[in-house]
Number of protein chains: 2
Amino acid sequence: MKSSGINSGQEDGSGEPNLNEQAYRRLRDALIGGVFLPGAKLSIRKVATALGTSAMPARTALRRLAAEQALDILPSGSAVVPRLSREAFGKLAAIRAELEPLAVRMAADNLASLDFVRLTALSDRQLRALADSDPETVLAADRDFLFTIYAACGSSILLQFIGSLWLRRSPLFWDARWMIMSRAGLPHRHAAMIDLLRAGNGAGAAATLREEIETATALLLEQYPFRGPQEGDGLATLAQRP
Amino acid sequence: MKSSGINSGQEDGSGEPNLNEQAYRRLRDALIGGVFLPGAKLSIRKVATALGTSAMPARTALRRLAAEQALDILPSGSAVVPRLSREAFGKLAAIRAELEPLAVRMAADNLASLDFVRLTALSDRQLRALADSDPETVLAADRDFLFTIYAACGSSILLQFIGSLWLRRSPLFWDARWMIMSRAGLPHRHAAMIDLLRAGNGAGAAATLREEIETATALLLEQYPFRGPQEGDGLATLAQRP
DNA sequence: GAGACGATAGTGTGATCACAAAATGAAATC
DNA sequence: GATTTCATTTTGTGATCACACTATCGTCTC
């Protein structure tokens, strides 16, 4: 991926991530890692304290995540981790089912042999984690696998949109991780996608992914207790994370 | 559209838009209206002066627009109006061709008779503006027509994504407005879409829209002088707009 | 004319503050 | 127990400032 000289204001002049960017990344990673439960309120001052910064970087990061749809804003102005209704989750999945296969199709001609080495390793890693009942690694390997493909699509906007969708539903997915773990057939599809992509069949790989998204969505729509109980806000855990 | 009690931090307690939101809307509308040329730099202090606020609302609005992909951020941290390459424009259109028909399909069952009255009026308005050689109204009627449909899709995220795509390519579209005006067949498709939607054929309307997006994209990819000359930054015009 | 250098102006970032609004908890009332 | 009221605390917003970095411009040298 070539750098276009355009970034998101993420580094100071020396190339180090500035405090805005560090706060954003830590919050983003915390969202992905299930630190916050759906419905958790994130106060600027409390996040700043947990991150060890003044209020400004926390505020900027929270507002950025809100603009990216990862967080909602209450009428009071407070940021809150989205609590997805069954309907909202279904619609989010419908958007994913359009955008992620598009990214696969766009990426198909750009994947190099090093990418395939990496994809194979990630697929294997997921298999092992599944056998080891390690949901965190299963979810991470899944994410890394798909984003390795998407990274080759050549569209930073498309990557951003997909990232937003993943962020938005991360808390729910983390909450549902044991349900997802019990689902059969997951690793075979990644291996199948690798084979299709190797064979130059981007459309086939895209269709396989679409089916995977739709299958996972149907499972969750059927089994996940939308609007389950919520406790705690996760800020103590945020302060402890690097 | 029902309010979910969740907003984007856009109003103070009394329901008035706060300064952040006012600055955001004015900048957004200025982007849509072609006030800024692609490549124009938007300094926080200059935008604040033009808007008549302190730096904070301007800064917040610029960062929000950047997070939404409407603006890019240079390595220096300055916000800049995106200058789309031919490739980037083509990819942006590919994303539109996935998301906007999805919105039409999702909206099809939710459109009410008042919506059709409005859609018909907007289609007629666009016809008149086309006859009157009034590009601003043509583009505005096109936008209002489509967003009237999309508003019924039931997904705030999808609306946000589509809005982001429209914002990002607005400066270019404004620049290309006379080229777009010369294109034949535009109003017939909106009338056809209305008929299809009335008949409950959301998939047909979505396919018609997809064809429209792809036709317009092909025209611009062929004829628009990507990386044309750029002058001025538009900040004086921003200060004058309400 | 091209490039390097230095001075100056402009710029974004992060910190901090004040204020008004929202949230919270306790006490009183029904 | 449920609701209302009130006092207090918390909270987001907007303003302002200082600082370090970036951009610009003018001058000098080759």
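Predicted model, so just to flag it, every value in this text is computed and none were measured. Proteins get letters first, then strands, A, B, ... in listed order; numbering begins at 1 in each.
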**Study point:** Nucleotide C/dG14, atom P - distance to CD of A/Glu21 in whole Å
**Key:** 10 Å

Revision key, fill the gap. Between CD of B/Gln22 and P of D/dT13 the distance, given in whole Å, is 14 Å

Point to revise | Selected nucleotide, minimal atom distance to A/Pro57 side chain, candidates D/dT11, D/dT16, C/dG14 | key: C/dG14

Study note, to complete from the structure: Regarding the side chain of B/Arg45, the nearest nucleotide among D/dA15, D/dG12, C/dT11 is C/dT11

**Study point:** Separation of atom CZ in B/Arg64 from atom P in D/dT13, rounded to whole Å
**Key:** 11 Å

Review point. Should B/Lys46 be listed as having a side-chain N or O under 4.0 Å from OP1 or OP2 of C/dG10?
Key: no

Point to revise | Candidates D/dT10, D/dA23, C/dA18 - which lies nearest the side chain of B/Ser76 | key: D/dA23

Point to revise | Protein-nucleotide distance (B/Leu62, atom CG; C/dT13, atom P), rounded to Å | key: 10 Å

Check your understanding: Looking at the side chain of A/Leu19, which of D/dG14, C/dG14, C/dT11 is the nearest nucleotide?
Key -> C/dG14

Exercise for review: Whole angstrom is fine here: how far is it from CD1 in A/Ile73 over to P in C/dA22?
Suggested key: 15 Å

Check your understanding: B/Ile44 has a side chain; which of D/dG14, C/dG12, D/dG12 sits nearest to it?
Key -> C/dG12

Check your understanding: Between atom CG in B/Asn20 and atom C1' in D/dG12, what is the gap in whole Å?
Key -> 9 Å

Practice item. Ignoring the backbone of B/Met56, work out which of D/dT11, C/dT13, D/dA15 is nearest its side chain. Key: D/dA15

Check your understanding: Could A/Arg86 and A/Phe226 be counted as a cation-pi pair, given that NZ or CZ must be under 6.0 Å from the ring centre and within 45° of the axis?
Key -> no

Practice item. State yes or no: are the ring centers of B/Phe147 and B/Trp166 separated by less than 6.0 Å? Key: yes

Point to revise | Atom pair CD/CG of B/Gln160 and B/Leu165 - distance to nearest 0.5 Å | key: 10.0 Å

Check your understanding: Which whole-number value in Å describes the distance from A/Leu51 CG to C/dA15 C1'?
Key -> 15 Å

**Study point:** Phosphate OP1/OP2 of C/dG12: any A/Asn18 side-chain N/O under 4.0 Å
**Key:** no

**Study point:** Spacing of B/Leu31 atom CG and B/Leu71 atom CG [to the nearest 0.5 Å]
**Key:** 5.5 Å

Check your understanding: Do NZ/NE/NH1/NH2 and the carboxylate oxygens of A/Glu21 and A/Arg28 come within less than 4.0 Å?
Key -> no

Check your understanding: Considering only side-chain heavy atoms of B/Arg59, which listed nucleotide, C/dG10, C/dG14, D/dG14, is closest?
Key -> C/dG14

Check your understanding: Closer than 4.0 Å, any side-chain N/O of A/Ser78 to the OP1 or OP2 of D/dG12?
Key -> yes

Review point. What is the distance, rounded to the nearest whole Å, between atom CG of A/Leu71 and atom C1' of D/dG12?
Key: 15 Å

Check your understanding: If you check every side-chain atom of B/Lys41, which of C/dA15, C/dG12, D/dA23 has the closest atom?
Key -> D/dA23

